[in-house]
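Inspection log for the structure reproduced underneath, given as structure tokens.
For reference, positions follow the sequence shown, starting with 1.
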Amino acid sequence: MFSIGDVSKRTGVKVPTIRYYEQMGLMAPSERSEGNQRRYSRTDVERLTFIRHARDLGFEIDRIRELIALSRHPDAPCNGADRIATAHLTEVRQKIDQLKRLEAELERIVSHCGGHTVEDCYVIRALSDHGLCEHEH
């Protein structure tokens with residue numbers, strides 16, 4: 001059994017976040033020692049590692065909860081997990097497209113600024129007047 005501090009060090013997940021994941025139902029409530037300290041098993045560490053990796057990839061809590069539920073049925077088809085991952089990939093691609101549009105607009109705004117005074121600054125004017133933008137972003 002591991003203390004919450006040990007689990008935090010092993011997984012790179014901060015102690016308050018571990019408690020949050022318990023509250024959100026992503027992890028079972030921890031066992032308690034006689035001194036009422038949280039104690040975690042190797043399985044708990046593996047679960048927390050799974051959650052952290054999913055969060056690093058940008059999965060939302062609800063989708064992680066769904067993936068955890070699916071993982072409890074190892075003999076079931078994986079189409080549910082594929083559906084969740086595919087939907088997330090679609091969202092990531094949409095965000096990338098939006099970021100590319102933002103990048104292009106910011107490059108355009110910056111390229112118009114001649115470095116004069118703030119009064120003549122195109123960056124300040126463009127941020128004050130959305131109509132100066134070439135495209136929706």
Closer than 3.5 angstrom, by distance alone: can the side chain of [X] be matched with the main-chain N or O of [Y] as a donor-acceptor pair?
X	Y	answer
R63	G58	no
D97	Q94	no
S8	V13	yes
R32	R39	no

Pairwise distance [atom1]([X]) to [atom2]([Y]) - rounded to 0.5 angstrom:
X	Y	atom1	atom2	answer
N79	I84	CG	CD1	10.0 Å
I18	Q23	CD1	CD	12.5 Å
H73	C78	NE2	SG	14.5 Å
Y20	M27	OH	CE	14.0 Å
R72	L70	CZ	CG	10.0 Å
I4	K14	CD1	NZ	14.0 Å

Please say yes or no: joined through hydrophobic side-chain contacts below 4.5 Å, possibly via intermediate residues, are [X] and [Y] part of one cluster?
X	Y	result
I61	V92	no
V110	L127	no
I68	M24	yes
L89	L57	no
M1	V45	no

Legend entry - Neighbour count >12 (heavy atoms, 6.0 Å) for atom CD, E31: no

Any side-chain heavy atom of [X] within less than 4.5 Å of one from [Y]?
X	Y	result
Y40	L48	no
R55	I51	yes
S3	R38	no
Y21	I64	no
D56	R52	yes
D44	F2	no

Looking at [Y] and [X], is any side-chain nitrogen of the basic one under 4.0 Å from a carboxylate oxygen of the acidic one?
X	Y	result
E60	R65	no
E103	K100	no
R10	E46	no

